[in-house]
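Letters A, B, ... are given to chains in the order of the sequence lines, protein chains preceding strands, and every chain is numbered from 1. Keep in mind it's a predicted model, so treat the numbers as computed, not measured.
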Protein chains: 2
Amino acid sequence: MPTPPPPSQPSSSPSLPSSPSSPSAPLTERQEARRRRILQASARLARRGGFDAVQMREVAETSNVALGTLYRYFPSKVHLLVATMQDQLQHMHETLHKRPPQETEAAARVAETLMRAFRALQREPQLADAMVRALNFADRSVSPEVDTVSRLTTAIILDAMGLEGPPTPEQLSAVRVIEHTWHSALITWLSGRASIAQVKIDIETVCRLIDE
Amino acid sequence: MPTPPPPSQPSSSPSLPSSPSSPSAPLTERQEARRRRILQASARLARRGGFDAVQMREVAETSNVALGTLYRYFPSKVHLLVATMQDQLQHMHETLHKRPPQETEAAARVAETLMRAFRALQREPQLADAMVRALNFADRSVSPEVDTVSRLTTAIILDAMGLEGPPTPEQLSAVRVIEHTWHSALITWLSGRASIAQVKIDIETVCRLIDE
DNA sequence: GTCAATCCTGAAACTTGTTCTAGGTTAGCG
DNA sequence: CGCTAACCTAGAACAAGTTTCAGGATTGAC
């Protein structure tokens, strides 16, 4: 039968959800510490050598955790890296909150915000490689986690827009398209097919969808 | 002595470029046939089970080629799948040439064109999964091949726009952003995070960048 | 404080992408 | 024809992600 769509697994969260958003298991202190060690090791290895350098055995050793335990916390390498991205995005969001962009036009504020994020990624291109490749390679089993990243990104963009009331459906569509462009532009940059300048242009172009 | 590697050979293209665009080696008839068998096997397996189902050993067996030979034709699984995508896109381009979209607005024509492509992908979601995941996972070593795919996509969109003269820089920017959105929207659909309707909206939204 | 349930560890095993090797085959060329 | 270089094959070997399992350590509930 050519109809193999995965029957959607009801997510048998055993006890350790990799996303901190779903509090289905409170995690003891030591567990929280383990989780943090793992994420730190992941980011460190990623910074050094990108996606390929994040090897599960090495992450386990570095974070003083057995391989099996690592897999209990993060069921796959992609899960791990997407969680790492969540982590970094969270930082980014806080940083942006402290120093919001000053432009007058909403479109310009969004563009500036994304360019700030882009500059941050340029400082650690290997880390960016690991996170973005994982995000784009993720299959359905990582959907919840990827969705969390997506919501975070949306929040950042909406923040930058600085709306009064709730966003209109049109605005939400624009934000979605901006996110698409953001992710895809990052990929083309990481794989060396687009220059930094080109990414800037693409971001500015898509941000035109906002006001008008 | 640990220094036996040959003096250095910049791009020793042995004889088998995986992209048919660079005619650096004319390929004999049997070679052409082998290449075609491989691509066919790849597409068949992909149709059955997506990215994961395309296993190099099985591709080799199915296409009656030794594993080493497969790797000589396509230096990695991602190369193979990106080449498969090139192949499919070529078909798509020809098909579209025969029945161009009839809308009056350029934006509408582009949107309709992409929606046609999208519907084609919906008919073989697993094949789409394999090709799109490979495209987005590709690293720098696959850049030339990914670039070929990108140029093909650009050509299809420019065709749909039906321009008189050469495109302006603004139009090219818009096309780039449309491509970004197209790729990223496909990913969100494939991973089950966006509905078909949502993809349609995103495409229509980004196409607004064209006229105006 | 004891006990059962759960978690963690260490190590081996399994899977699939990729590389390597030794020998047979093919294509052009004198 | 016969030679040589490049190509192809079969198969082993290697690398890294993932799974599994037996046993020791923690934890939470009584």
Side-chain angles (χ1 to χ4, degrees), chain A residues 12-18 24-35 37-38 41-42 45-46 49-83 130 133-134 137-139 141-142, chain B residues 4-6 9 12-18 24-35 37-38 41-42 45-46 49-83 130 133-134 137-139 141-142:
Chain A
S12 66
S13 61
S15 80
L16 274 169
S18 60
S24 63
L27 285 234
T28 73
E29 201 159 323
R30 302 184 49 153
Q31 287 177 323
E32 193 52 60
R34 257 185 221 110
R35 185 169 194 285
R37 281 207 308 281
I38 294 172
S42 166
L45 289 173
F51 187 90
D52 294 330
V54 181
Q55 303 195 353
M56 298 304 269
R57 280 176 243 265
E58 200 165 351
V59 171
E61 282 177 31
T62 309
S63 49
N64 288 310
V65 141
L67 191 54
T69 305
L70 171 53
Y71 272 95
R72 177 189 282 276
Y73 280 70
F74 302 96
S76 80
K77 173 169 172 171
V78 169
H79 281 85
L80 171 57
L81 286 174
V82 171
R133 296 260 299 286
F137 188 57
D139 65 1
S141 72
V142 204
Chain B
Q9 210 156 2
S12 67
S13 63
S15 82
L16 275 170
S18 60
S24 63
L27 286 234
T28 73
E29 201 160 323
R30 303 184 51 156
Q31 287 177 323
E32 191 53 57
R34 257 186 221 109
R35 184 169 196 284
R37 281 208 308 280
I38 293 173
S42 166
L45 290 173
F51 187 90
D52 295 330
V54 180
Q55 304 196 351
M56 299 304 269
R57 279 174 244 266
E58 201 165 350
V59 171
E61 281 177 31
T62 309
S63 49
N64 289 309
V65 143
L67 192 54
T69 305
L70 171 52
Y71 273 94
R72 178 189 279 275
Y73 280 71
F74 302 96
S76 80
K77 174 169 171 171
V78 169
H79 280 85
L80 171 57
L81 285 174
V82 170
R133 297 261 297 287
F137 189 58
D139 66 359
S141 72
V142 203

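Using a 4.5 Å heavy-atom threshold, the side chains of A:Q31 and A:Y73 count as touching.
Remark: P of D:dG17 and CZ of A:F74 are 15 Å apart, rounded to the nearest angstrom. In this structure, A:F137 atom CZ and C:dG17 atom C1' are separated by 11 Å, rounded to whole Å. In this entry the distance linking CG of A:D52 with C1' of D:dG17 reads 12 Å, nearest Å. The interatomic distance linking B:F51 (CZ) with C:dT16 (P) rounds to 13 Å, in whole Å. We find that CZ of B:R72 is positioned 13 Å from P of C:dC20, with the value rounded to whole Å. Atom pair B:Q31:CD and D:dA6:C1' shows a separation of 10 Å (rounding to whole Å applied). If you measure from atom CD1 of B:I38 to atom C1' of D:dC7, you get 13 Å, rounded to the nearest angstrom. Atom CG of B:L80 is separated from atom P of C:dG17 by 10 Å (rounded to the nearest Å).
Across all non-hydrogen atoms, the minimal contact from B:A66 to B:A60 is C-CB, 4.2 Å. Minimum heavy-atom separation, B:F51 to B:K77: O-NZ, 3.0 Å. When every heavy atom of A:R37 is checked against every heavy atom of A:S63, the shortest pair comes out as NE-O, 2.8 Å. The two residues B:Y71 and B:M56 make their nearest non-hydrogen contact at OH-CG, 3.4 Å.
With values rounded to the nearest 0.5 angstrom, A:L81 atom CG is found 10.0 Å from A:L45 atom CG.
Of all nucleotides listed (D:dA16, C:dC8, C:dT9), D:dA16 comes nearest to the side chain of A:Q55.
Close to D:dC7, at under 4.0 Å from its OP1 or OP2, lies no side-chain N or O of B:Y73.
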> Quick one: what's the B/S/- string for nucleotides 18-30 of chain D, heavy-atom cutoff under 4.0 Å, read 5' to 3'?
Replying inline: BB-------S---
